[in-house]
Amino acid sequence: MKFSVLLAPTLKESPSEAEVVSHKLLMRAGMIRKVAAGIYTFLPLGYNVIKKIERIVREEMGRAGAQEILMPVLQPADLWRITGRWDQFGPEMMRMADRNGREFALGPTAEEMITDLVKNEVKSYRQLPLTLYQIQVKFRDEIRPRFGLMRGREFIMKDAYSFNRTVEEMQQSYSDMYDAYSRIFSRCGLDYRAVDAATGLIGGKVSQEFMVLAESGESTILYCESCNYAASDEVATAPLAEPSTEAIKQSELVGTPGQKSVEQVATFLNIPEDKIVKTLIYKYGASELAGILVRGDRDVNDEKLSVALGTADFHLLAGAEWQEYPELIRGFVGPVGINSVRLIADKEISVMQNFVVGANRPDAHLINVNVGEDFQVEEWADIKTIKAGDKCPACGGALLSAKGIEVGQIFQLGTKYSAAMEAMYIDEDGALKPYIMGTYGIGISRTAAAAIEQNHDENGIIWPISIAPYEVSVVVLNYDKNEQKEIADRIYDGLSKKEVEVILDDRIESAGKKFADSDLIGFPVQVVIGNRTVKSGNVEVKIRATAERIEYRVDDAVDRISELVVKMRSMLQPGGPDAENAG
RNA sequence: CGGGAUGUAGCGCAGUUUGGCAGCGCGCCACGUUCGGGACGUGGAGGCCGGAGGUUCAAAUCCUCUCAUCCCGACCA
């Protein structure tokens, strides 16, 4: 490709609406342009990156035995009604009707469609296991699209689905996908971590997310410094402390005028925050109230709470709503003697003694309160957000926390969809049985953004070579000078013949502009040809990632550069530089 | 949906307070000079000032409504 004919409108300044690095650099490097909020066009360089990621995904899906199909973006509502998700998905699903009034949605995922397909086409256990996947545009009408490709409304996703006979066989498919995902993200040059995850609207019990570690990530993960435990904060747990041997005391009412927050009460009573139990009032479902008990220094985790409540439709009781419940004294609510709300306590409360709670009357708290003595708990649940410093549930070591970008998630689904849709096969014993399913997603476009978040500097993007829009840029400083043009053309043609993806910057631009663009777009290898190199009989090669510069004789430059590229590629093979020849 | 902000040339912004010729930088076009880290000079093109309505002799500027975009919270690949 010649740069002079490429549509790559680079910008010196980033558009003001871009907040995160990946969004800014994708815009500045001329890779994407916005069409509407959360909806982007990929320009040639950006689309090259997408295609490179897709190629890796296809290779690894194929290696894992999955077969590629392509399903429609538009999905009929009737399918979604069978599983109830037409109602569950809410406004996030983009809905529309055709000219005859038949309802459709832009697919946010495709469990129903694929289950319907397999139900109709796969009848016998002899045809299982079966794993199908597609790479297709998905649409989710996000409440708040942001961060460019990191949270778009329209995005490119690889979604795979396994159909199995038994739980064990499904776990094997899941494990195969886990391995494939690990290879995919390794090959993309990403520093990632697989963590235990919540299953949310998709369903199932076991799930893991693949997180690219980056400060700008929207997810929080906890991992152990001494073993390999790692989990999303939505499901992370910590072992309970040993119950203290403290003798149980008689509870007592104390005046705490105006002391509403945990911090205020702790200071006022001169006690640590973890000797307080706070009672948070949530409204959920059809206007029901829940009192959630957590230790004073803890935060409630909304994902865990939705599991405990059995619904994702809840919110903290808000300002004006308090007036509807005069028995609830804001700032002084407690579990003792309260009966108008459903009490759910975090398990951690069970090992606490002689703690402080609101007294359900203005300006007062109860001290030396104990479960069993002063109030009963019917429902125990894991509700708190685990944070760095908590103990690892696997080995007891200290947990650390980090931010991550979720680029993939895998689920052991079970029969949620096959049972609801009566998708059955005839087993060896002649009985009809629902498929045991798994579902597996990768955000392709988000992966591109995540790669930038993790690989950039003040000059621009530093693409891992496996997903770079071109592997080598040949920067000719004066393409209108014959000596330079001749050398440049020779290297460009030579590299092309050796299957190196190369772009020739033949534009009539200043040297500075060409260097700056090459760094900004992030080609892994830059070959510089100018007056200086013509005189020396060399070409200069710059490695984008390290800024290392190497000189090669013009005569063997093509061989040396292609060797360099091959070596750089092999570094991103799972298992190290030599793994390429192993498989 | 709640809270906050912004819409002026392709991009970044000034002008709005106090109504009076629509500007600056980058980019773009032409010519010349430059030619190894976002060159310089001269000349040029480019605007429904987000949209609608109103106030006024006069509106980018004041008022009302509306749309869009971004940021902070609840969703997710």
*Asks:* What is the pairing partner of B/rC65, taking Watson-Crick or G-U wobble pairs with both distances under 3.5 Å in any strand?
*Replies:* B/rG51
*Asks:* In whole Å, what separates the C1' atom of B/rC29 from that of B/rA14?
*Replies:* 26 Å
*Asks:* Please report the distance separating the P of B/rU61 from the corresponding atom of B/rU17, rounded so that it comes out in whole Å.
*Replies:* 9 Å
*Asks:* Rounding to the closest angstrom, what is the interatomic distance between B/rA30 and B/rA45 at atom P?
*Replies:*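 It comes out at 15 Å once rounded to the nearest Å.
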*Asks:* When rounded to the nearest 0.5 angstrom, what distance separates NE2 in A/H456 from CD1 in A/I461?
*Replies:*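 So the NE2 of A/H456 and the CD1 of A/I461 are separated by 10.0 Å.
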*Asks:* Just jot down the ring-ring contact (aromatic ring centres under 6.0 Å, His included) partners of A/F163, sequence neighbours excluded, or say none.
*Replies:*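 Once residues adjacent in sequence are excluded, the partners of A/F163 under the ring-ring contact (aromatic ring centres under 6.0 Å, His included) criterion are A/Y435.
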*Asks:* For residues 39-53 of chain A, which residues have at least one heavy atom under 4.0 Å from RNA chain B?
*Replies:* none
*Asks:* What is the distance, to the nearest angstrom, from the NZ atom on A/K34 to the C1' atom on B/rG7?
*Replies:* 11 Å
*Asks:* Roughly how far apart, to the nearest Å, are B/rA22 and B/rU16 at atom C1'?
*Replies:*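 Pairwise C1' distance, B/rA22 against B/rU16, rounds to 13 Å.
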*Asks:* Taking only the P atom of each, what is the distance from B/rC28 to B/rG10 in whole angstrom?
*Replies:*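 Rounded to whole Å, the distance is 15 Å.
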*Asks:* I'd like to check the side chain to side chain donor-acceptor pair (under 3.5 Å) partners of A/K138; sequence neighbours left out, ordered by chain and number.
*Replies:*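 Testing A/K138 for side chain to side chain donor-acceptor pair (under 3.5 Å), a comparison that skips the adjacent residues, returns A/D159.
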*Asks:* Please determine, for B/rG20, whether a Watson-Crick or G-U wobble partner exists with both distances under 3.5 Å, and give it or none.
*Replies:*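 In the structure as shown, B/rG20 has B/rC57 as its Watson-Crick or wobble partner.
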*Asks:* Under a 3.5 Å cut-off for both distances, is B/rA45 Watson-Crick or wobble paired, and to whom?
*Replies:*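 Looking at the geometry, B/rA45 pairs with no nucleotide.
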*Asks:* What residues form a side chain to side chain contact (heavy atoms under 4.5 Å, CB included) with A/A420, not counting sequence neighbours?
*Replies:*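 Checked A/A420 against side chain to side chain contact (heavy atoms under 4.5 Å, CB included); matches are A/T83.
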*Asks:* What does B/rA39 pair with, Watson-Crick or G-U, if both distances are under 3.5 Å?
*Replies:*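 The base-pairing partner of B/rA39, which may sit in any strand shown, is B/rU33.
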*Asks:* Scan nucleotides 28-38 of chain B nucleotide by nucleotide, 5' to 3', and note B when protein non-hydrogen atoms come under 4.0 Å of the base, S if they reach only the sugar-phosphate, - if neither.
*Replies:* -------BBBB
*Asks:* Could you check whether atom CD of A/E288 has more than 12 heavy atoms from other residues, nucleotides or ligands sitting under 6.0 Å from it?
*Replies:*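 Yes, CD of A/E288 has more than 12 neighbouring heavy atoms, counting only those of other groups under 6.0 Å.
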*Asks:* Who is the Watson-Crick or G-U wobble partner of B/rG10, with both distances under 3.5 Å?
*Replies:*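 When the pairing criteria are applied, B/rC26 turns out to be the nucleotide that pairs with B/rG10.
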*Asks:* Tell me, which pairs form a side chain to side chain donor-acceptor pair (under 3.5 Å) where one or both residues lie in residues 197-212 of chain A, sequence neighbours left out?
*Replies:* A/Y174-A/Q208, A/S207-A/Q409
*Asks:* Among all residues two or more places apart in sequence or in another chain, which pass the salt bridge (charged side-chain N to carboxylate O under 4.0 Å, His left out) test with A/D457?
*Replies:* A/R544
*Asks:* Quick one: pull up OH in A/Y492 and CE in A/M1 and give me the separation to the nearest 0.5 Å.
*Replies:* 7.5 Å
*Asks:* Counting only side-chain N and O atoms of A/S16, is one of them less than 4.0 Å from OP1 or OP2 of B/rC13?
*Replies:*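 Indeed, a polar side-chain atom of A/S16 lies that close.
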*Asks:* Side chain to side chain donor-acceptor pair (under 3.5 Å) with A/S445: which residues, sequence neighbours excluded?
*Replies:* none
*Asks:* Atom CD1 of A/I508 to atom P of B/rA39: distance rounded to whole Å?
*Replies:*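 Result: 15 Å.
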*Asks:* Please say which of A/W86, A/F104, A/F89 ends up in a ring pair (Phe, Tyr, Trp, His ring centres under 6.0 Å) with A/W80.
*Replies:* A/F89
*Asks:* What interatomic distance, in whole Å, is found between C1' of B/rG12 and the corresponding atom of B/rU6?
*Replies:* 14 Å
*Asks:* Please identify each residue that fulfils salt bridge (charged side-chain N to carboxylate O under 4.0 Å, His left out) with A/K24, with sequence neighbours left out.
*Replies:* none
*Asks:* With sequence neighbours excluded, tell me which residues meet salt bridge (charged side-chain N to carboxylate O under 4.0 Å, His left out) with A/R549.
*Replies:* A/E540
*Asks:* Can you tell me, in whole Å, how much space there is between the P of B/rG4 and that of B/rG46?
*Replies:*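 After rounding to an integer number of Å, I get 42 Å for this pair.
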*Asks:* Using Watson-Crick or G-U wobble geometry with both distances under 3.5 Å, which nucleotide pairs with B/rC1?
*Replies:*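 Its partner is B/rG73 (Watson-Crick or G-U wobble, both distances under 3.5 Å).
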*Asks:* Rounding to an integer number of Å, can you tell me how far A/K24 NZ sits from B/rG12 P?
*Replies:* 12 Å
*Asks:* List the protein contact pattern of nucleotides 71-77 of chain B with one symbol per nucleotide (5' to 3'): B for base contact, S for sugar-phosphate-only contact, - for none; contact means a heavy-atom distance under 4.0 Å.
*Replies:* BBBBBBB
*Asks:* Please state the P separation for the pair B/rU42 and B/rC49 - nearest whole angstrom.
*Replies:*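 The same atom, P, in both gives a distance of 31 Å.
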*Asks:* Got a sec, which residues hit salt bridge (charged side-chain N to carboxylate O under 4.0 Å, His left out) with A/D555, two or more places apart in sequence or on another chain?
*Replies:*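 So A/D555 forms a salt bridge (charged side-chain N to carboxylate O under 4.0 Å, His left out) with A/R490.
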